[in-house]
Amino acid sequence: MRLFASATGLLAILSVLNTSVGAAPTKSGFEISWEEAYAKAEKLVSGWTLEQKVNVGTGSGNEQGPCEGNTIASPGFPGLCMNDGPTGLRRAYNTSQFVAGINCGASFDRELTRQRGAYMGEEFRDKGVNVMLGPGMNMLRVPRGGRNWEYAGEDPYLVSAIAEELVHGIQSAGVVTTSKHLIGNEQEENRYTVDTVMDDKTLHEMYLLPFYHAVEAGTASIMCGYNKVNGTYACDSDHLMNTILKDHLDFKGFVMSDWWATHSTVNGVNSGLDMTMPGDANADSVTGGGLWYGKNLTDAVERGDVSEERVTDLATRIVAAWYKVGEDKDYPDLRFNYFDSNVHADLNVQRNHKENIRAQGAASVVLLKNEDNILPLKQDSAKKLAVIGSDAGADPEGLNKCPDANCSRGTLTQGWGSGSCYLPYLVTPLDGITNRVDDSVEITHTFDDWNLESAGKLAADADIAFVFAKSDSGEMYIVVDDNPGDRNNLTLWYNGDNLINAVADANENTVVVIHSVGPIDMNAWIDHPNIKAIVWPGLPGQETGNSLADVLFGDYNPSGRLPYTIAKNIDDYVADVSPELEVEYTEGVYIGYRHFDKNEITPLYEFGYGLAYTTYEYSKLKVKTKKNSDGLKLTDTLASASLFVENTGDVDGNEIVQAYIVYPESADQPPKQLRGFEKVFVEAGKKQKVNLDFTVRDLSYWDVVQQKWVVASGEYTLLVGHTSLDIRQETTFTL
Ligand code: NOJ
């Protein structure tokens with residue numbers, strides 16, 4: 001049931017929106033098993049000389065090829081082209097700008113996320129790019145962290161679920177994924193030198209978990225990060241690369257360094273690094289690196305410091321990754337040039353991808369507040385709308401005028417840095433709202449954030465006033481408005497707080513819309529009585545205005561949920577960006593809501609929070625368990641739950657059912673942890689059964705003595721709810 005009559009043609013989109021886009025490809029058209037890939041790779045590599053084997057792991061130098069990273073070809077194997085990144089094909093025209101990673105988290109939608117991956121993969125393949133430098137799977141530990149927007153939030157289970165879908169989706173299109181950045185790369189400040197110190201339990205349970213899932217999903221490459229971990233550079237770490245990835249996780253693909261993150265030849269290769277990027281021949285690179293592979297590596301083998309067997313292994317891993325995703329068959333020629341994006345600019349690879357972007361944009365809008373049911377908008381009573389703030393419009397200088405999004409003008413659709421990409425077009429929030437209303441509705445607007453008087457006047461004269469504001473961040477090689485990658489603070493940019501207050505002072509039906517990379521500080525206006533609604537669309541990509549209008553006008557009943565906690569006071573967060581060269585994760589596993597739960601701090605909006613235009617009731621939660629025996633694999637189901645969700649309102653909707661586990665005390669776990677979620681479409685007045693499965697690993701803790709996942713014996717509590725604090729059903733089971 002739709003709330004609001006709309007222009008013809010929208011219906012088709014709406015049915016898609018409300019039920020989630022139809023089945024995304026689940027089985028790859030291109031992928032083969034690792035066994036088959038290895039058989040082919042071993043055969044090819046066996047005919048190569050030492051130098052040819054070294055070449056496939058050697059970058060050909062920064063800015064030396066058509067892509068961001070390139071390797072040297074060997075017989076029967078092309079030089080590989082690697083390009084960012086997590087939001088779309090970086091620095092390419094006629095490609096899509098998808099919703100950001102953080103919006104994948106906010107959508108809690110596996111299908112749309114997998115489809116996003118598959119569509120993005122298609123674009124990379126169409127342009128002939130072999131390796132996507134993504135997905136990113138670091139953790140939102142510090143709210144000011146510059147690259148949080150590339151990842152999926154503060155909870156390792158959620159980040160894992162998103163990572164897994166993206167790896168499946170992207171590789172299903174025949175493109176190698178690079179899961180990044182291994183590990184502890186949670187802030188931009190001092191990223192080239194910082195030593196991230198964390199205990200073994202924290203490493204496995206919080207920061208490594210997404211990499212487990214990515215490996216299980218078949219990720220063909222993993223990028224080691226810039227930073228040190230417990231005293232050793234990640235790309236030099238035998239413990240991380242050999243022991244954890246290759247022995248423990250049985251990772252079959254290759255480890256690639258982040259750009260200039262290689263620090264040695266012999267130690268790096270012997271510690272498990274397979275490919276060095278970008279392979280600068282000059283020693284003047286960012287981290288003081290040089291040409292670590294190439295002749296240096298062949299010399300090291302000839303000296304006996306690295307075995308030829310190890311070089312054969314690294315070459316085989318790289319070639320196997322290429323076979324695994326089917327790049328040996330009919331791979332399109334490279335029709336892309338990173339350094340001159342006008343080359344092949346006309347090749348349009350966007351297909352129907354905007355449908356996914358609009359659908360996931362709508363599905364990731366989090367409705368934080370909706371007093372008097374001011375939303376969805378009722379066109380018969382809201383005849384005059386004011387749209388206020390530069391964040392509602394386009395960059396006045398034009399599209400893509402800021403390389404790598406190195407300035408923040410107009411509406412915010414992504415953050416800045418290597419994770420950014422060009423917009424093929426932009427539907428601004430003002431366009432989206434304007435296109436959605438009929439002629440009887442008048443819309444006035446101003447994009448001036450500083451003229452509070454004129455903003456107030458416009459607002460006073462409207463039935464409903466929309467005020468837009470933003471908060472941006474990105475990668476440290478770019479400084480925007482004095483923010484060096486990490487945000488300087490959590491307040492809104494460009495006079496946002498004052499603008500919101502000026503509008504709210506003038507209009508008692510004020511709707512605040514925030515485009516943000518992460519949590520913000522709302523203290524300046526949160527208690528203003530005239531703010532009736534707060535809408536949180538994150539970073540929605542090119543279709544931002546349409547996906548916002550879908551929610552504002554009730555064409556999509558909001559189901560987005562916060563993938564992070566928004567605190568009442570910034571001091572309530574457990575950790576912040578640190579200027580020290582050694583950053584100890586002293587909070588251990590207590591990041592995000594785990595910390596708020598443990599210390600009984602009430603947040604402003606909790607993890608998993610989000611309102612809808614309907615209400616849901618939960619009933620009949622039941623759990624069945626299997627006997628936990630040694631024969632079970634970590635990925636096998638150990639407990640299965642079911643419950644019913646009833647839509648008790650007047651409109652159809654998608655509920656995000658969230659499952660949190662309370663472990664027996666001996667497992668030494670936070671008060672509760674997300675271990676399952678399901679997005680379920682429920683028609684108004686109807687009930688749906690929801691099933692939730694928990695694997696052995698979901699119910700395990702990392703035993704630091706035994707160095708393995710262990711299921712604690714005892715009583716577990718399953719909490720199922722609408723948010724992390726709004727628990728609706730509870731039951732116990734014993735393992
Ligand atoms: C550095 C970034 O950390 C990484 O994420 C990116 O893929 C490379 N640069 C290449 O652009």
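Since we're looking at a predicted model, the values are computed, not measured. Note that ligands are numbered from 1 as they come in the structure, with each ligand's atoms numbered from 1 the same way.
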Counting only heavy atoms, which portion of Met223 has something under 4.0 Å from ligand 1: side chain, backbone, both, or neither?
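It is the side chain that touches ligand 1; the backbone stays farther off.
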Under 4.0 Å, heavy-atom basis, I'd like to know which part of Glu188 is in contact with ligand 1: side chain, backbone, both or neither.
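No part of Glu188 is near ligand 1 at this cut-off.
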Heavy-atom closest pair, residues Val266 and Ala300:
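That closest heavy-atom pairing would be CG2-CB, 3.9 Å.
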Is the shortest distance from a heavy atom of [X] to ligand 1 less than 4.0 Å?
| X | answer |
| --- | --- |
| Arg90 | yes |
| Met277 | no |
| Glu475 | yes |

Nearest protein heavy-atom contact for [atom]: which residue, which atom, what distance?
| atom | answer |
| --- | --- |
| atom 5 (O) of ligand 1 | His181 NE2, 2.7 Å |
| atom 7 (O) of ligand 1 | Asp84 OD1, 2.6 Å |
| atom 1 (C) of ligand 1 | Asp258 OD1, 3.0 Å |
| atom 11 (O) of ligand 1 | Glu68 OE2, 2.2 Å |

Measure the CG-CD distance between Leu581 and Glu189 for me, rounded to the nearest 0.5 Å.
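Leu581 atom CG to Glu189 atom CD measures 9.0 Å (nearest 0.5 Å).
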Atom pair CG/CG of Asp236 and Asn270 - distance to nearest 0.5 Å
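Reported to 0.5 Å precision, the distance equals 10.5 Å.
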Atom indices of ligand 1, in the order listed, that fall short of 4.0 Å to a heavy atom of Lys180
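So the atoms of ligand 1 that pass are 4 (C), 5 (O), 6 (C), 7 (O).
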Side-chain donor-acceptor pairs of residues 123-133 under 3.5 Å, sequence neighbours excluded:
from, atom 1, to, atom 2, distance (Å)
Glu123, OE1, Ser96, N, 2.8
Glu123, OE2, Ser96, OG, 2.5
Glu123, OE2, His353, ND1, 2.6
Arg125, NH1, Gly174, O, 3.3
Arg125, NH2, Lys329, O, 3.2
Asp126, OD1, Arg351, NH2, 2.9
Asp126, OD2, Arg351, NE, 3.3
Asp126, OD2, Arg351, NH2, 3.1
Lys127, NZ, Tyr93, O, 3.1
Lys127, NZ, His344, O, 3.2
Lys127, NZ, Leu347, O, 2.9
Asn130, OD1, Cys81, N, 2.9
Asn130, ND2, Glu327, OE1, 2.8

Give a yes or no on whether the backbone of Gly69 and the side-chain of Trp259 come within a donor-acceptor separation of less than 3.5 Å.
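The answer is no, because no donor-acceptor pair under 3.5 Å joins these two groups.
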With a 3.5 Å distance limit and no angle check, can you tell me whether Lys324 reaches the backbone of Ala220 through a side-chain donor-acceptor pair?
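Between the backbone of Ala220 and the side chain of Lys324 there is no qualifying donor-acceptor contact (under 3.5 Å).
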May I ask you to decide whether Arg116 forms a salt bridge with Asp109, counting only side-chain N to carboxylate O separations under 4.0 Å?
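Judged by the 4.0 Å cut-off on N to carboxylate O distance, Arg116 and Asp109 do not form a salt bridge.
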